[in-house]
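Everything below concerns the one structure shown next.
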Amino acid sequence: MKNAQPSLLFRLWRFTWKLMLGFFVLSISSVLLFRWIPVPVTPLMLIRCVQQKMDGKPITLKKSWEPLDKLAPDLQLAVVCSEDQNFLRHHGFDYEAIEKALDYNDNHKRKRGASTISQQTAKNVFLWPGRSWVRKGLEVYFTFLIECCWNKERIMTVYLNVIEMGDGIYGAEAASKECFHKTAHTLNKSECATIAAVLPNPLKFNAAHPDAYIQARRMWILNQMGLWGGVLNYHPTDKK
């Protein structure tokens with residue numbers, strides 16, 4: 001009996017160590033793999049399919065992967081202006097925005113988030129929706145990984161191809177065809193701003209039929225795009 005306890009603890013430690021090692025190998029391998037190949041499906045897509053089935057709705061999963069040069073440049077700028085204006089400058093986390101959100105949330109019942117596009121991409125590709133500390137911790141981990149292994153163009157490419165943009169609609173190409181009956185490459189500036197305006201709650205708002213709130217957000221985003229000069233330059237120091 002005296003030798004059984006250490007043996008049990010050793011087996012438990014060995015199992016935990018193998019589990020952690022397997023997680024690190026799998027997570028790092030996945031991040032490296034998705035640096036080069038399209039993301040086939042995400043946990044959120046599968047969760048939404050199950051929810052649709054449980055609600056008695058037909059299972060809908062519309063998505064179409066497109067490279068960055070096949071997505072309207074105005075759409076890239078619109079989502080940066082709407083979701084993360086420090087996207088090109090931070091390394092995954094906007095600490096100034098986090099501090100402002102914490103101060104705001106201390107004095108308001110309606111909470112404000114400060115997730116960057118990098119964080120949203122990490123969450124959408126590798127994790128599930130939720131606000132638990134475990135999920136937030138994993139979000140930090142995967143955000144660090146993609147910022148180390150991907151460049152900003154790749155993060156934007158993945159973001160615009162997997163983000164939820166409606167009920168069963170994922171990615172810019174599917175949203176563009178569903179809402180405007182055209183490819184994402186041919187979206188005009190106003191349509192890009194409209195799509196960006198619904199991203200905070202794509203299940204509530206509809207880019208094809210924007211209400212007064214979305215129209216106001218669209219105008220704000222268009223104004224921000226103008227202040228940026230209408231161009232999202234991934235390499236501002238590259239001058240020829």
Side-chain angles (χ1 to χ4, degrees), residues 8-51 54 63 79-80 82-165 170-171 199-204:
L8 178 62
L9 292 175
F10 175 77
R11 289 198 299 268
L12 181 61
W13 177 87
R14 186 172 59 181
F15 172 78
T16 303
W17 182 83
K18 287 184 177 180
L19 190 65
M20 292 178 62
L21 180 62
F23 168 76
F24 285 124
V25 170
L26 181 61
S27 59
I28 294 172
S29 299
S30 299
V31 170
L32 291 174
L33 185 65
F34 292 146
R35 171 66 178 87
W36 305 109
I37 70 169
V39 179
V41 69
T42 68
L44 179 62
M45 295 177 187
L46 299 177
I47 290 171
R48 293 294 190 230
C49 287
V50 172
Q51 290 175 342
M54 294 179 64
K63 62 185 182 68
V79 298
V80 167
S82 172
E83 298 291 296
D84 181 8
Q85 295 199 8
N86 289 320
F87 174 64
L88 297 180
R89 295 194 292 269
H90 64 63
H91 297 288
F93 308 95
D94 189 339
Y95 298 106
E96 181 180 347
I98 292 173
E99 185 176 350
K100 290 181 179 179
L102 291 174
D103 290 340
Y104 178 89
N105 293 340
D106 285 340
N107 300 293
H108 297 80
K109 290 184 178 180
R110 185 176 181 179
K111 303 304 180 183
R112 175 184 295 175
S115 293
T116 63
I117 285 176
S118 300
Q119 288 177 267
Q120 293 180 49
T121 303
K123 176 188 68 176
N124 289 332
V125 174
F126 300 104
L127 302 172
W128 62 94
R131 295 183 178 275
S132 69
W133 286 107
V134 172
R135 206 229 63 182
K136 291 299 292 185
L138 289 172
E139 181 183 306
V140 171
Y141 169 72
F142 279 106
T143 300
F144 172 77
L145 281 185
I146 66 173
E147 280 282 342
C148 289
C149 299
W150 303 354
N151 57 25
K152 291 295 185 179
E153 291 97 324
R154 184 59 182 177
I155 293 174
M156 179 61 73
T157 300
V158 176
Y159 175 79
L160 288 177
N161 275 286
V162 304
I163 191 168
E164 187 175 35
M165 294 190 173
Y170 304 90
L199 289 181
N201 197 335
L203 298 183
K204 178 180 179 180

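Positions are given from 1, in the same order as the sequence printed here. Hydrogens, waters and symmetry mates play no part in the numbers below; they use all other heavy atoms, side chains included. Because the structure is a prediction, the values reported are computed rather than measured.
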Value rounded to 0.5 Å, distance of CG in Asp84 from CZ in Arg89
9.5 Å
Which heavy atom in Trp128 sits nearest to a heavy atom in Arg135, and how many Å separate them?
O-CD, 2.8 Å
As an exercise, state the distance from CH2 of Trp13 to NZ of Lys18, rounded to the nearest 0.5 Å.
10.0 Å
How long is the straight-line distance from OG1 of Thr143 back to CG of Leu127, given to the nearest 0.5 Å?
8.5 Å
Find out whether Phe126 and Pro43 are in side-chain contact, i.e. whether some heavy atom of one side chain is under 4.5 Å from a heavy atom of the other.
no
Carefully, step by step, assess Leu33 and Ser29 under the rule side-chain contact (heavy atoms from CB on, under 4.5 Å).
CA-CA 6 Å; Leu33 185 65; Ser29 299; over 6 Å; no
Measure the spacing between CG of Leu145 and CG of Leu138 and express it to the nearest 0.5 Å.
10.5 Å
What are the two closest heavy atoms between Asn124 and Thr42, and how far apart are they?
O-CB, 3.1 Å
In the structure I gave you, are the side-chain heavy atoms of Leu19 and Phe24 within less than 4.5 Å of one another anywhere?
no
Is Arg131 close to Lys136 at the side-chain level, that is, under 4.5 Å between some pair of heavy atoms?
no
pair Lys63-Asn161: side-chain heavy atoms closer than 4.5 Å
no
More than 12 foreign heavy atoms under 6.0 Å from CZ of Phe144: is that the case here?
no
In terms of heavy-atom contacts, Val79 and Ile117 come closest through O-CD1, 4.0 Å
Return the CG to CG distance between Asn86 and Asp94, rounded to the nearest 0.5 Å.
4.5 Å
Could you grab the distance from atom CH2 of Trp150 to atom CH2 of Trp36, nearest 0.5 Å is fine?
12.0 Å
Within-4.5 Å side-chain heavy-atom neighbours: Ser27 and Phe142:
yes
Show your reasoning for whether side-chain contact (heavy atoms from CB on, under 4.5 Å) applies to Val125 and Tyr159.
CA-CA 9 Å; Val125 174; Tyr159 175 79; over 6 Å; no
Using a 6.0 Å distance limit plus a 45 degree cone around the ring axis, check whether Lys152 lies over the aromatic ring of Phe87.
yes
Got Arg35 and Cys149 here, is their nearest side-chain heavy-atom distance under 4.5 Å?
no
pair Pro129-Leu44: side-chain heavy atoms closer than 4.5 Å:
yes
What heavy-atom pair brings Phe34 and Arg154 nearest, and what distance separates the two atoms?
O-NH2, 2.6 Å
Is there a side-chain contact between Thr116 and Glu83 in this structure, where contact means two heavy atoms from C-beta onward sitting under 4.5 Å apart?
no
Consider only side-chain N and O atoms of Ser118 and Glu147, and report whether a donor and an acceptor are under 3.5 Å apart.
yes
Check the surroundings of atom CD in Glu96: do more than 12 heavy atoms from other residues, nucleotides or ligands lie under 6.0 Å from it?
no
